[in-house]
Amino acid sequence: MQTYKGTFLDPEELELFEGYLSVEDGRIAGLDRRAPARAEVTPLPGVVVPGLIDAHVHLTMSGDLDPTADLEKKSDAFLLARAAGYLRRYLAAGVTAVRDLGSRAGSAIGLAQAVEQGRLAGPRIVAAGPVITPTGGHGWKFGLEADGPEGVRRAAREVFKQGAKAVKFMATGGVMTPGVKAGAEMFDEEEMRAGVREAEKRGAVSAAHAQGLAGIKNAVRAGVRTIEHGAFDAWDEEVFELMKRQGTVLVPTLAAPDGILQGEGRVPAFMVEKTRPIAERHRANTFEAYRAGVPVAAGTDAGTPLNPHPNLARELELLAEVGLELDSVLRAATTVAARALGLEAELGRVAPGYAADLVALGGDPLESAAAYARPLVTVARGRLVL
C-alpha cells in the first residue's frame, strides 16, 4: 500500500482535508486524519486535487500556425512519435486523462492502447479515432465520409472496429476547413441518431462538433453525450432545456478561437475571418449555458492554431473569465469532464474507490484559476510520475 500525506480537495465536498490518502491497485483505498500503521508515507505539496481532464484534444495535430497543412505533410510514424512527446507534457501539467476527438487514420487509438498496456507513459486516453463527416463536410480530409443514417451507422461501426472508445460527428461546418460554411447544418438528427445508437451498444461516448444552433439541437435530440464548441448564434431556452433534460455536456473549447485570434496575420486568413465575428458570442453562449444549468466540461481543442499540447490551464482561466465560479471551473476539469469521457464512476474525485490520479497545485483553485498553471507533482494510477 502506498500512502500520501497532503492537503486534499475533492470537487464535490469542496473542503480542504489535511491527512493521509492510501492507494491500493491504483485506486484510492481510504482517506484518514492519521497515518496507517507501518505505512511508507510520501508528502505531497500544495493543494491536491483530482488529476485534471482535458475533454477535447487532437494528439496528431501540432498546435502550430497551420496544423491542417502540417497533417498533410507528415508521415504517420512522425505524428505518433511527436504525440508520444506530448503525452509526457500532459502529465507534467497535471493532466491525467484526455479525450482525443479526431486523429489522422485513427492513430490516437493506438496511443490509447499503448498507454493502457503500460508501454507508453501518458494520461489515460479515450480516443474517437477518425471523425465522421458528410461527404465534403468539415474535416473530410482526415475523417470518414458518410451520408444517410445507414452510411453513418457503417462508419461508426468501422470506428469501433478500429478500437475507438468514443465517436465524433460533424453536426455543422467549422472554422478550419476551407470552403465549408462554419456553423451550417451538416448531419441531421436521424443520421447522428444512427451513429449514437452504435456508441450506446458499446458503452462508448458520442460527441458532436456543433457550432450553429440548428445543428446543436439536431445533435442533442439525437442523444450525443457532448456538444463541442457551440460558438455561433444566440442560444435560446429550448436548447438549454433540451440539454438539461438529456444530460448533455457542453465542451466550449474557448482556447481554440483564443489561439486563432492571437495569431492574426500569421494563422491562415480564412480561419481568422471565420473566427473573429463569433468570438464574443462564443463566450456569451458558454456563460449563458452555464447560468441556465447546462453542465460545462473543460476541453481545449489542443492541436488547433496556437493552441499547444497541453493548454488546459489556459482553458480553465478562460472559463473563469467568462463567468464560471471557481468551484465550477474545478468540476469542469474533473467531475464533469469525467462524465464527458464516460468515466464518471472512476475519475474526477478524491474519494475511496476512484482512480488514484492526483495533481498537487501551487495554489488553491477555489481562490484563483491561476493555480492550474502551477502544477507541482502528478500522481497517475497511484504512482508519483513527476
Side-chain angles (χ1 to χ4, degrees), residues 55-56 101 137-139 168-187 207-221 224 226-244 246 248-265 267-302 304-307 311-312 314-325 328-329 332 336 340 369:
H56 189 141
L101 287 182
H138 181 48
K168 180 184 176 185
F169 309 104
M170 297 303 195
T172 72
V175 167
M176 291 181 62
T177 303
V180 169
K181 183 179 179 182
E185 288 180 75
M186 287 196 167
F187 281 135
H209 166 102
Q211 296 190 316
L213 186 58
I216 291 168
K217 290 180 179 179
N218 286 340
V220 175
R221 291 189 182 111
V224 298
T226 63
I227 294 295
E228 312 299 312
H229 316 306
F232 289 65
D233 309 326
W235 289 18
D236 57 25
E237 288 303 316
E238 181 186 19
V239 75
F240 296 145
E241 290 306 314
L242 279 171
M243 293 180 76
K244 288 189 289 183
Q246 296 274 68
T248 313
V249 175
L250 171 64
V251 186
T253 69
L254 297 170
D258 181 65
I260 289 173
L261 293 181
Q262 292 204 29
E264 186 167 2
V267 169
F270 77 88
M271 297 185 192
V272 177
E273 289 168 5
K274 288 184 181 183
T275 301
R276 189 187 301 110
I278 54 85
E280 288 307 313
R281 171 46 53 194
H282 190 187
R283 294 166 67 93
N285 285 348
T286 300
F287 175 69
E288 289 167 11
Y290 165 71
R291 184 172 58 182
V294 173
V296 176
T300 59
D301 210 1
T304 58
L306 299 183
N307 187 8
N311 205 21
L312 188 59
R314 177 59 178 157
E315 181 71 20
L316 297 175
E317 179 183 23
L318 289 168
L319 288 175
E321 284 183 10
V322 301
L324 269 69
E325 296 180 23
S328 294
V329 173
V336 184

Going through the checks in order, is the salt bridge (Lys or Arg N to Asp or Glu O under 4.0 Å) test met by Arg221 and Glu238?
-> CA-CA 11 Å; Arg221 291 189 182 111; Glu238 181 186 19; 2.8 Å; yes
Would you call the rings of Phe240 and Trp235 parallel, tilted or perpendicular if under 30° counts as parallel and over 60° as perpendicular?
->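 It falls in the tilted class, 30° to 60°.
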Side chain of [X], backbone of [Y]: donor and acceptor closer than 3.5 Å?
X: His282; Y: Pro252; answer: yes
X: Lys244; Y: Ala292; answer: yes
X: Asp233; Y: Leu213; answer: yes
X: Asp236; Y: Val239; answer: yes
X: Glu315; Y: Ala255; answer: yes
X: Asn285; Y: Gly230; answer: yes

Determine, for Arg281 against Glu288, whether the closest basic-nitrogen to carboxylate-oxygen distance falls under 4.0 angstrom.
->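 Yes, this pair counts.
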Spacing of [X] atom [atom1] and [Y] atom [atom2] [to the nearest 0.5 Å]:
X: Arg283; Y: Leu319; atom1: CZ; atom2: CG; value: 10.0 Å
X: Ile227; Y: Leu242; atom1: CD1; atom2: CG; value: 10.0 Å
X: Arg291; Y: Leu324; atom1: CZ; atom2: CG; value: 12.0 Å
X: Asp258; Y: Thr300; atom1: CG; atom2: OG1; value: 11.5 Å
X: Leu101; Y: His56; atom1: CG; atom2: NE2; value: 5.0 Å
X: Ile260; Y: Met271; atom1: CD1; atom2: CE; value: 6.5 Å

Show the nearest heavy-atom pair for residues [X] and [Y], with the distance to one decimal.
X: Leu306; Y: Gln262; answer: CD1-C, 4.3 Å
X: Leu250; Y: Ala289; answer: CD2-CB, 3.8 Å
X: Thr286; Y: Leu254; answer: OG1-CD2, 3.7 Å

With the side chain counted from C-beta on, respond yes when [X] and [Y] share a heavy-atom pair under 4.5 Å apart, and no when they do not.
X: Tyr290; Y: Glu325; result: yes
X: Val249; Y: Val296; result: no
X: Asn311; Y: Arg314; result: yes

Candidate pair Thr226 and Glu228, rule side-chain hydrogen bond (donor to acceptor under 3.5 Å, both in side chains), full reasoning = CA-CA 6 Å; Thr226 63; Glu228 312 299 312; 2.5 Å; yes
Between His209 and His229, is the ring centre distance below 6.0 Å?
->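 Yes - the distance between ring centres of His209 and His229 falls below the 6.0 Å cut-off.
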Does the pair Thr172 and His138 meet the rule for a side-chain contact (heavy atoms from CB on, under 4.5 Å), with working shown?
-> CA-CA 7 Å; Thr172 72; His138 181 48; over 6 Å; no
Excluding sequence neighbours, so at least two apart, what forms side chain to side chain donor-acceptor pair (under 3.5 Å) with Gln246?
->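 Gln246 satisfies side chain to side chain donor-acceptor pair (under 3.5 Å) with no other residue.
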